[in-house]
Amino acid sequence: MRLVHNAGTERVTDLLRTGLASGHRLDLATAELSLFAFENLRGILASLDGCRFVLPAEVLEDGFLGGPHDRAERNRLASRWLAGQCAEWVRRKVDVRRIHGRVPQGIAVLRDAAAHAQQVIMGSFGFSTGGLGITPGNPMSLIQATETVEEATSLSQWFDTQWSGLADGAAFKDAILRALGELASHRDPSSIYALILHHLFQSTAGQMDEEEIIKSATGIRNTVVWKKLFKFQRDGVVGAIDKLNQFGGCIIADSVGLGKTFEALAIIKYYELRNDRVLVLCPKRLRDNWTLYRANDR
């Protein structure tokens, strides 16, 4: 056995690429099933004769969209397409069995076309970009690989024993396919927008406490602009200040004539009273307007 540092040119993904060829087979016990790990090995996996995966139920709860280091991949907005490709691969090439409890460590058995074990990789890795060494993983991970066919044959028997002791996983495979199908299904823009708003604002439950958001010590309630606002405009100002404090930005998207300019002036005044610096960006032809607004010109 030799150590696999899972970095540079000595990564789990490199061992899989060099150890697998068209017509070969792959056995894998893993706690993770990432679309982006699948993408990295998609060509090789599609050429295999078949795969056997031992997975925990948690793969359905944790999802298939990776971890913090996969943000750039998620931002490419290719996850829906990848989910469809992965679902088709699982349907055609993968036999799945479910383990009750967690998978304490990963093991990959690389087999030739005759299903004879050629190499075994085992240790602290999973079928994720971090586990394969594509993105930074845990530096404390201990991963080893066999160096001889005899070692691989001996260790592959452990996987065979585990596989034989697990019940048929047809129902579990169907659940995985349904979950991938959900990711691959089309979502209309309005539903996505509504879901984004839900996740951003669910903690507020639609309630905004003006006393909590607006600091009375600023004296904003005694200003001319605040006193000129209608109640619904004050609610807009409170909401905007709340979003600015939470998320660093806000768009006031009221219809024409509802007083967005006055709301913006009140927000500007509030932050000026807190001794914050305010910069107004506007088209050049509106510069004089905003200069007059800011000066409370009569």
The residue among Ser185, Ser190, Ser191 that forms side chain to side chain donor-acceptor pair (under 3.5 Å) with Arg187 is Ser185

For the backbone of Ile44 and the side chain of Ser47, can you confirm whether one donor and one acceptor N or O come within less than 3.5 Å of each other? yes

Least distance between heavy atoms, Leu60 atom then Ala179 atom: CD2-CB, 4.0 Å

Measure from the side-chain N and O atoms of Gln118 to the backbone N and O of His116, and report whether any donor-acceptor pair falls under 3.5 Å. yes

As an exercise, state the distance from OG1 of Thr148 to CD of Gln119, rounded to the nearest 0.5 Å. 10.0 Å

Other residues, nucleotides and ligands only: do more than 12 of their heavy atoms fall within 6.0 Å of OH on Tyr271? yes

Report the hydrophobic cluster partners of Val103, with the cluster defined as I, L, V, M, F, W, Y residues connected by side-chain heavy atoms closer than 4.5 angstrom, directly or transitively. Met1, Val54, Ile99, Ile107, Val109, Val120, Met122, Leu155, Trp158, Phe159, Trp163, Leu166

Heavy-atom pair of closest approach, residues Ala117 and Ala152: CB-O, 3.7 Å

Student check: side-chain heavy atoms of Glu10 and Arg2 closer than 4.5 Å: yes

Does a side-chain heavy-atom distance below 4.5 Å link Thr153 with Val149? yes

Under a 3.5 Å distance rule, please check whether Lys260 uses its side chain to pair with a backbone N or O of Ile252 as donor and acceptor. no

Test Ile176 against Leu55 for side chain to side chain contact (heavy atoms under 4.5 Å, CB included), laying out the working first. CA-CA 10 Å; Ile176 292 173; Leu55 301 167; 3.7 Å; yes

Closest approach of Tyr270 to Ile213 (non-hydrogen atoms, all atoms of both residues): OH-O, 3.5 Å

If you look only at distance, which donor and acceptor atoms sit under 3.5 Å apart when one is on a side chain in residues 275-287 and the other is two or more places apart or in another chain?
none

So, taking the atom named OG1 in Thr223 and the one named CD in Glu272, what distance separates them when rounded to the nearest 0.5 Å? 10.5 Å

Please check: side-chain N/O of Asp254 versus main-chain N/O of Leu258, any donor-acceptor pairing under 3.5 Å? no

Is there a path of hydrophobic side-chain contacts, each under 4.5 Å between heavy atoms of I, L, V, M, F, W or Y residues, that connects Leu77 with Leu65? no

For a 4.5 angstrom cut-off between non-hydrogen side-chain atoms, does Leu35 reach Leu180? yes

Exercise: identify the closest heavy-atom pair between Arg74 and Ser79: CA-OG, 4.4 Å

Nearest-0.5 Å distance that lies between atom CG in Asn6 and atom CG in Leu142: 11.0 Å

Side-chain contact, heavy-atom cut-off 4.5 Å: Lys269 with Leu265? no

Take Leu16 and Ile121 through the test side chain to side chain contact (heavy atoms under 4.5 Å, CB included) and record every step on the way to the result. CA-CA 9 Å; Leu16 293 174; Ile121 307 165; 4.2 Å; yes

Short question: side chain of Asp70, backbone of Gly67 - any donor-acceptor pair under 3.5 Å? yes

Quick one, Asp14 and Thr18 - any side-chain contact, counting heavy atoms below 4.5 Å? no

Please check this pair: side chain of Asp49 against backbone of His24, looking for a donor-acceptor N/O pair closer than 3.5 Å. no

How close do Arg97 and Phe172 get, heavy atom to heavy atom, and via which atoms? C-CD2, 4.3 Å

About how many Å separate CG of Leu41 and CG of Leu20, when rounded to the nearest 0.5 Å? 8.5 Å

With rounding to the nearest 0.5 angstrom, report the CG to OG distance, Leu110 to Ser156. 11.0 Å

With a cut-off of 3.5 Å and sequence neighbours excluded, list every side-chain donor-acceptor pair involving residues 26-34.
residue : atom : partner : partner atom : Å
Asp27   : OD1  : Arg52   : NE           : 3.0
Asp27   : OD2  : Arg52   : NH2          : 2.8
Asp27   : OD2  : Arg111  : NE           : 2.5
Asp27   : OD2  : Arg111  : NH2          : 3.0
Thr30   : OG1  : Glu32   : N            : 3.0
Thr30   : OG1  : Glu32   : O            : 2.9
Thr30   : OG1  : Phe127  : N            : 2.8
Glu32   : OE1  : Ser128  : OG           : 3.3
Ser34   : OG   : Phe36   : N            : 3.1
Ser34   : OG   : Ala37   : N            : 3.4

If you measure from the Lys or Arg side-chain nitrogens to the Asp or Glu carboxylate oxygens, is any gap between Lys231 and Asp235 under 4.0 Å? yes

So with a 6.0 Å cut-off around OH of Tyr193, is the heavy-atom count from everything else above 12? no

Walk me through it: do His5 and Arg11 pass the test side chain to side chain contact (heavy atoms under 4.5 Å, CB included)? CA-CA 7 Å; His5 298 291; Arg11 305 171 298 172; over 6 Å; no

Donor-acceptor check, side chain of Lys173 to backbone of Val90, threshold 3.5 angstrom: yes or no? yes

I'd like to know if the side chain of Gln233 reaches the main chain of Leu229, judged simply by a donor and an acceptor atom lying under 3.5 Å from each other, with no hydrogens or angles considered. no

Heavy-atom closest contact (Gln144 atom, Val4 atom, distance): C-CG2, 4.1 Å

Are more than 12 heavy atoms, taken from residues, nucleotides or ligands other than Phe230, located less than 6.0 Å from that residue's CZ atom? no

Checking the side chain of His199 only, and the main-chain atoms of Ile196 only, is there a donor and an acceptor separated by less than 3.5 Å? no

Side chains of His186 and Arg80: closer than 4.5 Å at any heavy-atom pair? yes

Take Glu73 and Arg76, measure what salt bridge (charged side-chain N to carboxylate O under 4.0 Å, His left out) needs, and give me the verdict at the end. CA-CA 5 Å; Glu73 295 300 318; Arg76 292 194 297 118; 2.8 Å; yes

Is the shortest heavy-atom distance from the side chain of Arg102 to the side chain of Glu58 under 4.5 Å? no

Go through the steps for Ile192 and Asp188 under the test side chain to side chain contact (heavy atoms under 4.5 Å, CB included), then give the verdict. CA-CA 7 Å; Ile192 296 172; Asp188 60 277; over 6 Å; no

Should we say atom CZ of Arg71 is surrounded by more than 12 heavy atoms from elsewhere, each under 6.0 Å from it? no

With side chain to side chain donor-acceptor pair (under 3.5 Å) as the test, would you mind laying out the steps for Gln246 and Asp242 before giving the verdict? CA-CA 6 Å; Gln246 286 192 65; Asp242 181 49; 3.0 Å; yes

Donor-acceptor side-chain pairing of Asn138 and Ser141 below 3.5 angstrom: no

Using ring centroids (six-membered ring only for Trp), state whether Trp81 and Phe38 fall under 6.0 Å. no

Roughly how far apart are Ile251 CD1 and Lys243 NZ, rounded to 0.5 Å? 12.5 Å

Are Arg91 and Leu177 packed together at the side-chain level, in the sense that at least one heavy-atom pair is separated by less than 4.5 angstrom? yes

